Amino acid sequence: MLLIVLFVSIAFLAALVTQVILWRVQLPRSHFKMLLIIFGLFLLLGILSLGFVADWIYSLLFAQCYGLLALSYISFYSLIEGQSPSLTLVMAVHRKGAAGLSLVEADEFMSMEDVIGIRIRELQRDNLIFAKNSTYRLTRKGMLLAWLSCSGRRALGIGKGG
Amino acid sequence: MAYILIAPLIGQFVNTIIHISWNHITKGKSYLSSIVWSFLFGWVVQVLLTCITLYHCTASTQDWIGALGLNSMAALGFGYCYFTFVNLLKTSLRIRVLDELKASRKMGMTESELNQIYDTKDVINMRIFRLESWGQIKRNGDKLYPVHGSFYQLALVLRWLKKMMGLPIGNLN
């Protein structure tokens, strides 16, 4: 069992280091796809090498633990890559310190960003929406994601997000 | 041994059920504490299941340490993915745009229509309200003051990670 913990730790760290090196050399066009490729490669490597030294159940344990850690990191990466309005606001308030950030300043600061426009461009890039005669509509993929989010919110009993 | 594999799955199932029930009972008021407490419940269930399985297969001390460590890592992974999913539903602007487009059915919406529904002022007000209720900033009159909360620490870590990866720092500078 300790061998699998070691395998998971080494594979995860190796994938992280590989990602940082690649990112430092050149930022990829699709960050998400590249992350899936890097972490997927190390998953395969781990399963194959464990297959030589241990029982198949250990490979499954490795795949479950490593896979979940990799997915967690990939979802955390969107926080690193993106510009979260909440974190941006927290930083702006901290920069002002004891003097405080007035609501007018907060308005001006956040208005510098084209909040909705940026999101629309990202959704188009990810093929979730498309524009026809300057009207945006959902693609099939977008419809599925919107349906999932509506169902999730209904199950959790939370109102409109954003 | 196979039971060790499914222990984190069962733990996550318990986590989800408790979190959903908690949300419905409190009408989503204690967002962060509900996430933490339901995760802890799920984690305890997972640890108990792992211990019972190890006890029945008379495992060595190394196996106990390894299996508990491995399953706790898996539970953390499950818990974080679930937290991200809930957070996305609650705060993501992209998801909100998709929802608005879904509600408009086949008609679709222009960019200005989307901006009218959810303008910059709404984004700021909603964020300020949320950050205040989570104890990340405090409001006094028409001014916002810093509180050394977890979000500020997170913003600092993210800024460092962005620098390390060579990503644009943007407004976190």
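Per chain, numbering begins at 1; letters A, B, ... match sequence-line order. Keep in mind that what you see is a predicted model, and the values were worked out from it rather than measured. Atom set for the values below is all heavy atoms of this structure, side chains included, hydrogens, waters and symmetry mates excluded.
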Student: For the pair B:Lys143 (side chain) and A:Leu103 (backbone), establish whether a donor and an acceptor sit closer than 3.5 Å, ignoring hydrogens and angles.
Tutor: no
Student: Name the region of A:Leu156, side chain, backbone, both or neither, that has any atom closer than 4.5 Å to a heavy atom of chain B.
Tutor: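 It is both, since atoms from each part get that close.
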Student: Salt bridge or not between B:Glu111 and A:Arg119? Use side-chain N to carboxylate O under 4.0 Å.
Tutor: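 Salt bridge between B:Glu111 and A:Arg119, a charged N being under 4.0 Å from a carboxylate O: no.
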Student: Can you tell me which of A:Ser72, A:Gly157, A:Gly97 forms the most heavy-atom pairs within a distance under 4.5 Å of chain B?
Tutor: A:Ser72
Student: Between B:Leu101 and A:Arg137, does the side-chain contact (heavy atoms from CB on, under 4.5 Å) criterion hold? Intermediate values first, please.
Tutor: CA-CA 6 Å; B:Leu101 288 176; A:Arg137 289 187 183 88; over 6 Å; no
Student: Can you tell me which of B:Val147, B:Asn71, B:Leu156, B:Ile65 forms the most heavy-atom pairs within a distance under 4.5 Å of chain A?
Tutor: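 Of B:Val147, B:Asn71, B:Leu156, B:Ile65, B:Val147 has the most heavy-atom pairs under 4.5 Å with chain A.
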Student: Going by heavy atoms in the side chains, are B:Arg127 and A:Thr88 under 4.5 Å from each other?
Tutor: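 Result no, sub-4.5 Å side-chain heavy-atom pair not found.
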Student: Given side chains that start at C-beta, do those of B:Leu98 and A:Met143 come closer than 4.5 Å, heavy atoms only?
Tutor: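 Answer no - side chains too far apart.
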Student: Pick one of side chain, backbone, both or neither for B:Leu131, based on which atoms fall under 4.5 Å of a heavy atom in chain A.
Tutor: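 Contact with chain A: side chain only.
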Student: So for A:Ala99, is it side chain, backbone, both, or neither that comes closer than 4.5 Å to the heavy atoms of chain B?
Tutor: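 For A:Ala99, the backbone is the part near chain B, not the side chain.
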Student: Closest approach of A:Leu87 and B:Phe151, non-hydrogen atoms and distance?
Tutor: CD2-O, 3.5 Å
Student: Under 4.5 Å from any heavy atom of chain B, what part of A:Tyr77 do you find: side chain, backbone, both or neither?
Tutor: side chain
Student: What part of B:Thr84 lies closer than 4.5 angstrom to a heavy atom of chain A: side chain, backbone, both or neither?
Tutor: side chain
Student: Ignoring hydrogens and geometry, is there a side-chain-to-backbone donor-acceptor pair from A:Arg24 to B:Met164 under 3.5 Å?
Tutor: yes
Student: As an exercise: rank B:Leu70, B:Thr110, B:Ile95 by heavy-atom pairs under 4.5 Å with chain A and give me the winner.
Tutor: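 When all of B:Leu70, B:Thr110, B:Ile95 are compared, B:Leu70 has the most.
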Student: Report the option among A:Leu148, A:Thr135, A:Leu22, A:Val20 that has the most heavy-atom pairs separated by less than 4.5 Å from atoms of chain B.
Tutor: A:Thr135
Student: Using non-hydrogen atoms and a 4.5 Å limit, figure out which bit of A:Ile129 sits close to chain B: side chain, backbone, both or neither.
Tutor: side chain
Student: Rounded to the nearest 0.5 Å, what separation is found between the CG atom of A:Leu2 and the OG1 atom of B:Thr61?
Tutor: 10.0 Å
Student: Measure up the B:Tyr80 and A:Phe76 rings against each other and bin them: parallel (under 30°), tilted (30 to 60°), perpendicular (over 60°).
Tutor: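 Answer is perpendicular, since the angle exceeds 60°.
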Student: Could you report the tightest heavy-atom contact between A:Ser149 and B:Asp99, atom names first, then the distance?
Tutor: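 So the minimum-distance heavy-atom pair works out to OG-OD1, 2.8 Å.
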Student: Counting only non-hydrogen atoms closer than 4.5 Å, does B:Val157 touch chain A with its backbone (N, CA, C, O), its side chain (CB onward), both, or neither?
Tutor: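 Neither part; nothing is under 4.5 Å.
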Student: So what's closer than 4.5 Å to chain B heavy atoms on A:Leu79: side chain, backbone, both or neither?
Tutor: both
Student: Do you know which two heavy atoms are closest between B:Lys102 and A:Ala146, and how far apart they sit?
Tutor: CD-CB, 3.5 Å
Student: Checking heavy atoms, do the side chain of A:Tyr73, its backbone, both or neither come under 4.5 Å from chain B?
Tutor: side chain
Student: Heavy atoms only, distances under 4.5 angstrom: which of B:Gln136, B:Arg139, B:Lys138 has the most pairs with chain A? Name it, please.
Tutor: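 Among the listed options, the one with the most contacts to chain A is B:Arg139.
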Student: Under a 4.5 Å heavy-atom cut-off, does chain B meet the side chain of A:Val5, its backbone, both or neither?
Tutor: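 For A:Val5, backbone and side chain are both near chain B.
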Student: Testing the basics here: between A:Gln19 and B:Met165, what is the closest heavy-atom pair and its distance to 0.1 Å?
Tutor: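 Closest heavy-atom pair between A:Gln19 and B:Met165: NE2-SD, 3.5 Å.
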Student: To the nearest 0.5 Å, how far apart are CD in A:Glu81 and NZ in B:Lys162?
Tutor: 7.5 Å
Student: How far apart are the closest heavy atoms of B:Cys81 and A:Leu71, and which atoms are they?
Tutor: SG-CB, 3.9 Å
Student: Check whether A:Ala131 gets within reach of chain B through its side chain, its backbone, both or neither, counting any heavy atom under 4.5 Å.
Tutor: neither
Student: Hey, which of B:Gly66, B:Ser60, B:Pro8 has the most heavy atom pairs under 4.5 Å with chain A?
Tutor: B:Gly66
Student: Could you go through A:Ile120 and B:Arg94, starting from their C-alpha distance and side-chain angles, then the distance that decides it, and tell me whether this counts as side-chain contact (heavy atoms from CB on, under 4.5 Å)?
Tutor: CA-CA 7 Å; A:Ile120 290 175; B:Arg94 275 177 278 194; over 6 Å; no
Student: Which heavy atom of A:Gln64 sits nearest to which heavy atom of B:Leu5, and what is that distance?
Tutor: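 The answer is OE1-O, 2.9 Å.
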Student: Among B:Ala75, B:Ala67, B:Gly69, who wins on heavy-atom pairs under 4.5 Å with chain A?
Tutor: B:Ala67
